[in-house]
Amino acid sequence: MIFYAIRRALAAIPLVAVASFVMFMLVSLAGDPLAQLKSQDPPPAATTVAALERELRLDRPVLERYGIWVSGVVTGDFGPSVQNLDIGTEIRERVGVTGRLVFLATVIAAFCAIVFGVLNAVGRYSVFDHVSTFVSFLFLSTPLFWLAAILKNGAIGINDQLGHTMFYTVGDASSIPSDGFWETTLVLFGVLALPTLALSLNSVAKFSRYARASMLDVLDRDYVTMATAKGLRRSRVIIRHGLRTALIPFVTVLSLEAGEIIGGAVVTEYVFQWRGMGDLLLTSIRAYDVYAVLGWLLVASTAVIIFNLIADLLYGALDPRIRRSGSP
Amino acid sequence: MNLARSRATAFVVGAAVLLAACGGGDGDGGDGDDGDDTGENQAGSLVTGDILTVNSGTPGTDGGELTLGTDLDMSNWNVTSAEGNNRQTEYVARMIMPTAFIPQPDWTAKMNEDLLVSAEVSEESPQTVVYAIQPDAVWSDGQPITAEDFHYTWQVQNGRDCPDCLVNATGGYVFIDDVAASSDGKTVTVTFNEPYINWQNLFQFILPAHLAAEQGDLATSYNVFFGTEVPAWSGGPFVVDAYDKGNSVRLVPNEAWYGEPATLDAINLRFITDVSQQPAALQNDEIQMINTTPTLDLIEQIKMMADRGVVYQTNPGNRWPWVSTNLQRSHLQDAEVREAIFTAINVPEIIAKTVGQYNDNIAPLGSLVHLAGSPDYVNAIEELDLGYGAGDVAAAIETLESAGYSVEDGVLLTPDGSPFPTLEFVTYQTPIYQDIAQVAIENLKAIGVSATLITDPSPIPEKLIPGQYDLSLTVWAATPFSASKAQEVWSSGANFAGYADEEVDELLRQAVSTESPDESVAHLHDANSRMLEAAWALPLFQLPTLVAYYDKYVNVRDNPPLVVGPIYNAAEWGLK
């Protein structure tokens, strides 16, 4: 199993290299990083433009720029930035911001999805099942940015009723200094609540369908029928015998969907103005900041590969048959 | 049967949930009498008045804070550098850097009496300006503001003493021969190597020389220290207290400030990169002011907040779109063709379909050198009876026919009978500019001219300078210092249309180099008339500004000549 994982990891390296080359070419040829600067009114001095072009390596051929970038990445240097960012430091800080959002949203979504999935499967075709199915598809088909706007309006209404700002609509940290543990905690809750809810609602809808389907498949198995016939409590049959088996495909799907959650986080971060990886990507694209975009792509593609590997490992961990056979 | 009934039940319940979510309600709540979003305060949320005194008052309460939403993070702290020449840096700069003359809302420039006792031309040949600095003017560390600071500010921007300084524009600093100090350093004598009428535009942002001296050479101090380091210094009413990268900048009153103390405890700049998210933040009281270019949707959202006490000011601003013809294209060489194009474009219609939807005081612009609101503005298009921008199709066709063109079956034919080529109309990707261009394109169809809209995020360097266009819609930003601006953008070689007229160049040069303001204005008017008669550039109108804020703040006032608008008097803001 371990060797399998290592082989998969090594096989991903050339994939990442090819992806980085393609992305470098696409972004480099998309436009001039100094175009906005040159469009300023009044336009900057020619010497200034020339100096910035040297700094950004725009006076070199694109292939040479790629080579320099690759050799720099190996040593942790992600290259110069149009936005005057230390790209490596920026990515490290923003991964934490996005990670916080994605982790919370995923945990909440997974927990709720399992609960709803089990309830729906156990009470299949009941009123609850139909209603929650409808609501699931409603959230599934709702664009994330629209959902976020609805939540913002609702939060503003709640703030009005409370008479103070409990929920924040922008930022991953309040610009107003807060004193004390409780005030800081409340502020943290206030900025986390809406984006986490928006991202998790979208994910709950999707995951609950997986959980339901998986649970239904398990509940129809002979061994579950046998466990019931033996006289075991219904809850024990469902949770110990049914859910554990149903979790296997669910967890692997969850790991595979992690990449999509990161994609959803881009929209969420932009709407709620979180200074995370999604905001970095969008502002860097706007600024034609080639090296910042590439840094983002490198980290994102690595994350997807890692999550895929985790999915494989989890599959083996949860299914003894996989572990004993030594490969998925 | 049970299955069918339960499905029906589920459908009804789900539909009820959907309708409840989509339904309206008095979401605002608050203390409004009616809680109705279309309440009576909507019409009253627009604040009007004398642009110099609107919303004036004495703060009734000391303290308080105001958070202003801005759309980009700080990338560079040096507003005079190329990378720092942006709105968010200027917000901070206007509050912490001393400035000699402050542009006023009425398009004049007023001497900063907090910094200067006087500033006047002492000699005309060579032109010599003497600044007398207030004795108590100091930096936040207690060091006096002296001629050395003026000298350093000149050195780093004149393009000669510091070639490696990444300056944005040398401007009038290239005309300065020397900046000398009196014995106590409080008198600055600036000698010019040739007359420069817009000398008041100089020393808008003065840098601390004593801090620069500690940083090494000029380029290091200018590019690195003042550019990349968060300023812990100040010579203005505020000082940077905290910078949370990506989130906000917090400024608090400068304890060493030598002018009237600021009333507010703090002003925060909140970075909200998506402008469409700013209204919700304003509604939620996370920010208390928005300063941006308005859109219809934005104005409507702000009106809906009237019962919360949100009001707004809007005025014709300093940015103005104009249409250029590419004189290097053979099919645009005939002046009659250009005249007809400009006559067919209907500027009132463009205004009505764009900014006129939410602003009643935007009018067609008739000058390439001054904006309406400036005391020197003259509508030369009307004065010369050129008819440009009137949308007069008949007059346009008559002009074409006088040059041998004809319009048949809705197609313009050249004198040799061939169809007039389809024009490439280039502009920015910003929606409002696309809208303006689309209306103009529709106007041109009436005279048989077809045009294709081509957008680019940065059209000037990408399309216009290389000459890859027929018509373009671009935007200039005006200042109260018209002469230097006009020379900068309209001179031969400076404009991208290929327009070259020695007489205009001479008029613009004279406008800049004369000592008489009246003569300067007269030269500008003459240059303007000549350029308009050449029918290569058509001014359209001024884009409106928008300042939306909670009406609990007094002395918040729009300043259209400045891109940072209301910040110019931030020290006077206070709570009612």
Side-chain angles (χ1 to χ4, degrees), chain A residues 31-32 34-45 47-49 51-52 82-85 90 93-94 125-127 129-131 133-135 138 149-150 152-157 159-161 165 167-177 270-273 275 279 282-283 286-288, chain B residues 3 6-7 9-11 13-14 17-18 21 27-30 65 67 72-73 75-76 81-83 85 159 163-164 166-171 227-228 242 244-248 250 268 270-274 277-278 280-281 283-287 457-462 475-477 485 488-489:
Chain A
D32 179 6
L34 296 179
Q36 290 180 8
L37 188 86
K38 293 173 184 172
S39 298
Q40 284 179 5
D41 177 29
T47 51
T48 300
V49 173
L52 290 172
V82 174
Q83 304 167 85
N84 284 326
L85 303 173
E90 198 71 21
E93 291 173 359
R94 288 172 180 260
Y125 306 135
S126 64
V127 172
D129 185 26
H130 287 303
V131 170
T133 298
F134 179 86
V135 174
L138 190 66
I150 296 294
K152 279 190 179 186
N153 278 337
I156 291 171
N159 287 340
D160 286 342
Q161 296 301 320
T165 305
F167 297 104
Y168 293 88
T169 64
V170 289
D172 58 273
S174 172
S175 64
I176 310 297
Y270 196 67
V271 172
F272 289 99
Q273 295 292 292
R275 197 176 58 84
D279 177 69
L282 292 173
T283 53
R286 254 188 358 191
Y288 291 114
Chain B
L3 181 62
S6 59
R7 281 179 179 163
T9 307
F11 177 79
V13 171
V17 168
L18 180 62
D28 290 333
E65 300 193 6
T67 301
L72 285 173
D73 193 0
S75 58
N76 190 294
S81 73
E83 291 177 306
N85 180 32
D164 293 332
L166 300 177
V167 67
N168 182 58
T170 52
T228 63
D244 182 4
K245 188 169 175 54
N247 274 311
S248 61
R250 184 177 174 80
N268 304 289
R270 189 69 188 272
F271 310 127
I272 302 176
T273 52
D274 184 5
Q277 307 304 329
Q278 289 187 10
Q283 186 180 6
N284 200 33
D285 205 21
E286 291 172 80
I287 60 176
S458 301
I460 295 177
E462 299 291 328
V475 179
W476 283 156
K485 182 68 181 180
E488 179 189 301
V489 301

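Below, read A as the first sequence line, B as the second, and so on, with proteins coming before strands; counting in each chain starts at 1. Every heavy atom of this structure was used, including side-chain atoms; hydrogens, water molecules and symmetry mates were not.
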Heavy-atom closest contact ([X] atom, [Y] atom, distance):
X	Y	answer
Asn84(A)	Ser75(B)	ND2-O, 3.1 Å
Lys245(B)	Leu85(A)	NZ-CD2, 3.7 Å
Ala82(B)	Thr48(A)	CB-CG2, 3.3 Å
Ile156(A)	Gln283(B)	CD1-OE1, 3.7 Å
Thr169(A)	Ala281(B)	OG1-CA, 3.7 Å

So which part of [X] gets closer than 4.5 Å to some heavy atom of chain B, the side chain, the backbone, both or neither?
X	answer
Phe167(A)	backbone
Val82(A)	backbone
Asp32(A)	both
Asp129(A)	neither

Inset, instruction - Heavy atoms only, distances under 4.5 angstrom: which of Asp285(B), Leu166(B), Asn76(B), Thr170(B) has the most pairs with chain A? Name it, please. - result: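 The candidate making the most pairs under 4.5 Å is Leu166(B).
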Checking heavy atoms, do the side chain of [X], its backbone, both or neither come under 4.5 Å from chain A?
X	answer
Gln277(B)	both
Ile287(B)	neither
Gln278(B)	neither

Inset, instruction - Give, for atom CG of Asn284(B) and atom CG of Asp160(A), the distance between the pair rounded to the nearest 0.5 Å. - result: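 It is 8.0 Å, given to the nearest 0.5 Å.
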Legend entry - Selection from Glu93(A), Arg94(A), Arg275(A), Gln273(A) maximising heavy-atom pairs under 4.5 Å formed with chain B: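 Most heavy-atom pairs under 4.5 Å with chain B: Gln273(A).
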Inset, instruction - Verify the distance criterion only: is there a donor paired with an acceptor across the side chains of Thr165(A) and Glu286(B) at less than 3.5 Å? - result: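 Their side chains do not contain a donor-acceptor pair, so the 3.5 Å distance test is not met.
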